[in-house]
There are 2 protein chains.
Amino acid sequence: MNKQTKKLTLDDIGALAGVSRATVSRVINDYPHITPEVRERVQKVIVETGYKPNKIAQSLASNRSGIIGLVIPHAVQTILTNPYFLHLINGITQTTNACGLNLSLFLFHSMNEEVQMARSLFYTNLIDGLIITADRKENPFVKQVIQHDIPFVFVGRPQIKVPISYVNVANVMGAYLAAEHLINLGRRRLAIIMCDHNTAGDDRYKGFRQALDDYHIEIDPQRIVRGDFSLESGYVAMQQLFPTVPDAVFAASDMMALGAQRAIRQAGLIIPDDIALVGFDDLPQSALAEPPLTTIRQPIEDLGIEAVNLLNEMLCQKIGLPRQIILPVELVLRAS
Amino acid sequence: MNKQTKKLTLDDIGALAGVSRATVSRVINDYPHITPEVRERVQKVIVETGYKPNKIAQSLASNRSGIIGLVIPHAVQTILTNPYFLHLINGITQTTNACGLNLSLFLFHSMNEEVQMARSLFYTNLIDGLIITADRKENPFVKQVIQHDIPFVFVGRPQIKVPISYVNVANVMGAYLAAEHLINLGRRRLAIIMCDHNTAGDDRYKGFRQALDDYHIEIDPQRIVRGDFSLESGYVAMQQLFPTVPDAVFAASDMMALGAQRAIRQAGLIIPDDIALVGFDDLPQSALAEPPLTTIRQPIEDLGIEAVNLLNEMLCQKIGLPRQIILPVELVLRAS
DNA sequence: CTGAAAGCGCTTACAG
DNA sequence: CTGAAAGCGCTTACAG
């Protein structure tokens, strides 16, 4: 059955339909000026034979592979515990599937691997464009990619002065909303578990401070502690915070908030009675936490969708200048 | 700079090195019989120019794209909450990177998408081989893929009678170990939260029953309840179990165990004093649970590594017949 | 509107 | 050991 049939080519279809291979190619590529009857005849043969063009040959001839790469710089620790990437990939694949694009995954496990693979990414003509996650401030890909003429879109704001295309969520606004909410709750001894490993952390810190400024609330420097976005670091950070007796804590990520929550529980304190707690991300587990975590929801899946759409427009030459897309966030009220 | 340089071709390198393009191709592909000096001269030019072969052209000429596809049938719910896939992808990319293979991701969001994309997967010559996750018993890909001549490896045991290649963990043995551990703890009122959505669930149930048989322990049918591998389902299942007063529960997945754990805590019971609880998977969050969850660790990352290696051998024609690889699991002692 | 032909950048028998 | 040449299966000016 299928196993024996030789692979059909454009010429075969042309012969069967009584036209040239050029014409078959044109109907496949929706070239407009074709006599309707001819088009129909060809399409009939294509359907009957189940012909599918050889994508590799198409790529070589058209200089377009239809493959985009998702680059996740080495951050294994993060990726393995963080559902963020799953949501992102979900949004991305949804959109590539819809656009007829192929998604190639470049996940690096060491700095070395990163450097090695970068070259083959840029030079081998396999990939039409790149979506790159901006996970750290010092992202070597940022510098490398802008020196080449491969189209790319960052997910998250990269730390760089030149204008480039990226999609991001409103981190500053989100943190502002979180702080404002805590203030509206009547809390005044606000604390923050921040993280300055990437620009998202920076922006969230900025939004938090902005809200305090706007509401003329002072913050004790002792109530500003750092984590690394992980649950463990949130746990430790919260313990550093206890001596300062905060009545409200904003954790710059849900994972850290979940860690803080555990420390709070173990200290015998009640959320939100003793300490109000707000996270950032709205991970699936946050809704399931005990008590459910109030947090800032960011539309991670949409980030993936928008990234692909933006890149796709760049590939179709519809866009010249770098473009930035900022997606809104929202406060999700739960325990606090 | 880089932006202006025209892309080099084999001919360019040949001209620069004073040899034909065929020779350059041969040194690039490590063809053995080449005069050392010629090889060196060519390699020098390649390094100096930073030449990288066009992969698309290589693919067309060699009929080998170097791209393998990871197919995740539509199971969005699962994938989004389950770190399993992240570990798997991590193992897979580690190995594809090392082998010089490219990984293309095929994640489906509906049955319809699955059917549509399947054809282009099989017929467009883009993909050399497939790694397919066997997430459900009714996996339409199983039937489709075996009708084509594309090499493939399943991750997990598919429900099918014909012999095919797959990598799997010792589910039966793992569940046996779990039950045996509970028995050794002196428990006799054993219960199981099972799931029959896929063969992993079946196998775990089987191993559990086997241990009970071997130790001549009866099980009250009321103590056999079902979930769907999710936390919520484990929570609900545990509540069904309370009336049967079990002193030990084996949950066929950590997510279900975590749900059960919550139900147990809310019922005011203590783990392991009142109820011993064992899960299966060893997710990152299981070690962080309160109390830490005793579970069966499965080497998910290794599953990815072995899958790629097996597929790669198939692609290199080193292997003819279908092969099955079963990776060991181990009991991880924590609270229970 | 359609076809003949060149070309995309490689690989690989076939000679020598 | 190395080169000339054909070929992989498409796309796309160029004519007509």
Side-chain angles (χ1 to χ4, degrees), chain A residues 5-43 45-46 49-67 100 102 120 123-128 316, chain B residues 5-43 45-46 49-67 100 102 120 123-128 316:
Chain A
T5 27
K6 270 289 62 71
K7 228 114 194 178
L8 292 166
T9 69
L10 265 194
D11 279 312
D12 297 328
I13 304 301
L16 254 30
V19 297
S20 75
R21 111 181 57 153
T23 300
V24 180
S25 171
R26 290 194 184 101
V27 348
I28 287 175
N29 295 300
D30 286 323
Y31 178 78
H33 315 295
I34 299 188
T35 315
E37 324 151 53
V38 173
R39 177 188 303 280
E40 265 177 48
R41 205 163 73 232
V42 172
Q43 273 168 339
V45 175
I46 292 179
T49 56
Y51 168 75
K52 282 272 179 189
N54 181 319
K55 283 204 180 173
I56 297 288
Q58 284 183 318
S59 304
L60 185 59
S62 67
N63 200 26
R64 237 339 220 99
S65 70
I67 304 177
N102 245 286
S120 73
Y123 292 122
T124 60
N125 293 57
L126 223 205
I127 307 292
D128 287 343
C316 298
Chain B
T5 28
K6 270 292 58 73
K7 229 111 193 179
L8 292 165
T9 69
L10 265 195
D11 278 313
D12 297 328
I13 304 300
L16 254 30
V19 298
S20 75
R21 111 181 55 152
T23 300
V24 181
S25 171
R26 291 194 183 100
V27 347
I28 287 175
N29 294 301
D30 287 322
Y31 180 76
H33 316 295
I34 299 186
T35 315
E37 324 149 54
V38 173
R39 178 189 302 281
E40 264 177 47
R41 204 162 72 233
V42 172
Q43 274 167 341
V45 175
I46 292 178
T49 55
Y51 168 75
K52 282 273 178 190
N54 180 320
K55 283 205 179 172
I56 296 290
Q58 284 183 318
S59 304
L60 184 59
S62 67
N63 199 27
R64 224 26 189 84
S65 70
I67 304 177
N102 245 286
S120 72
Y123 291 121
T124 60
N125 291 58
L126 223 205
I127 306 293
D128 286 344
C316 299

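Letters A, B, ... are given to chains in the order of the sequence lines, protein chains preceding strands, and every chain is numbered from 1.
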**Whichever of B/Ala57 and B/Val38 has its nearest DNA chain D nucleotide further upstream toward 5'** = B/Val38
**Asked** Does the side chain of B/Ile56 come within less than 4.5 Å of A/Leu126's, by heavy atoms?
**Response** yes
**Residue pairs fulfilling salt bridge (charged side-chain N to carboxylate O under 4.0 Å, His left out) with at least one residue in residues 17-28 of chain A, sequence neighbours excluded** = A/Asp11-A/Arg21
**Request:** Please state how far atom CG in A/Asn63 lies from atom C1' in C/dC10, giving the value in whole angstrom units.
**Result:** 14 Å
**Complete:** Considering only heavy side-chain atoms of B/Ala22, the closest of C/dG7, C/dC10, C/dT12 is C/dT12
**Request:** Starting from the C-alpha separation in whole Å, work towards a yes-or-no answer on side chain to side chain contact (heavy atoms under 4.5 Å, CB included) for A/Asn54 and B/Tyr123.
**Result:** CA-CA 8 Å; A/Asn54 181 319; B/Tyr123 291 121; over 6 Å; no
**Asked** How about A/Asn125 and B/Lys55: do any of their side-chain heavy atoms sit closer than 4.5 Å?
**Response** no
**Asked** Would you find more than 12 non-hydrogen atoms of other residues, nucleotides or ligands less than 6.0 Å from B/Asn29 atom CG?
**Response** yes
**Prompt:** What nucleic acid atoms does A/Asn54 come within less than 4.0 Å of, heavy atoms only: base, sugar-phosphate, or nothing?
**Reply:** sugar-phosphate
**Asked** Taking atom P of C/dT11 as reference, at what distance in whole Å does atom CD1 of B/Ile56 sit?
**Response** 13 Å
**Asked** Could you give the CD1-to-P distance, from B/Ile13 to C/dT11, as a whole number of Å?
**Response** 13 Å
**Prompt:** Which sits closer to the 5' end of DNA chain D, B/Leu60 or B/Val19, going by the nucleotide each is nearest to?
**Reply:** B/Val19
**Message:** Just N and O in the side chain of B/Ser62: are any of them under 4.0 Å from OP1 or OP2 of C/dT11?
**Reply:** no
**Request:** May I have the distance from A/Arg39 (atom CZ) to C/dC1 (atom P), rounded to whole angstrom?
**Result:** 10 Å
**Message:** Nearest whole Å is fine: how far is C/dG9 C1' from B/Arg21 CZ?
**Reply:** 8 Å
**Message:** I need the B/Ile13 CD1 to B/Tyr51 OH distance, nearest 0.5 Å.
**Reply:** 6.5 Å
**Prompt:** Base, sugar-phosphate alone, or nothing: which one does A/Ser25 contact when heavy atoms must sit under 4.0 Å apart?
**Reply:** base
**Request:** Could you summarise the pairing of DNA chain C as dot-bracket text, marking Watson-Crick and G-U pairs under 3.5 Å with ( ) or [ ] inside the strand and | across strands?
**Result:** |||.||||||||.|||
**Message:** Could you check whether any side-chain N or O of A/Thr35 sits under 3.5 Å from a backbone N or O of A/Val38, counting only pairs where one atom can act as donor and the other as acceptor?
**Reply:** no
**Asked** Heavy-atom contacts under 4.0 Å between residues 27-35 of chain B and DNA chain D, which residues?
**Response** B/Tyr31, B/His33, B/Ile34, B/Thr35
**Prompt:** Can a side chain N or O of B/Tyr51 be found less than 4.0 Å away from OP1 or OP2 on C/dC10?
**Reply:** yes
**Prompt:** Does A/Ser20 have a side-chain nitrogen or oxygen under 4.0 Å from the phosphate oxygens OP1 or OP2 of C/dA4?
**Reply:** no
**Request:** Figure out the CD/P separation between A/Glu40 and C/dC1, and round it to whole Å.
**Result:** 15 Å
**Request:** Let me know the distance between CZ of B/Arg26 and C1' of C/dT12, rounded to the nearest Å.
**Result:** 7 Å
**Message:** Please check: side-chain N/O of A/Asp128 versus main-chain N/O of A/Arg64, any donor-acceptor pairing under 3.5 Å?
**Reply:** no
**Fill in**
d(B/Ile28 CD1, B/Gln43 CD) to nearest 0.5 Å is 9.5 Å
**Message:** Using only atom types and a distance under 3.5 Å, with no angle test, would you say the side chain of B/Ser62 pairs donor to acceptor with the backbone of B/Gln58?
**Reply:** yes
**Prompt:** In whole angstrom, what separates A/Asp11's CG from D/dC10's P?
**Reply:** 8 Å
**Request:** Indicate whether OP1 or OP2 belonging to D/dG9 is found under 4.0 Å from a side-chain N or O atom of A/Gln58.
**Result:** no
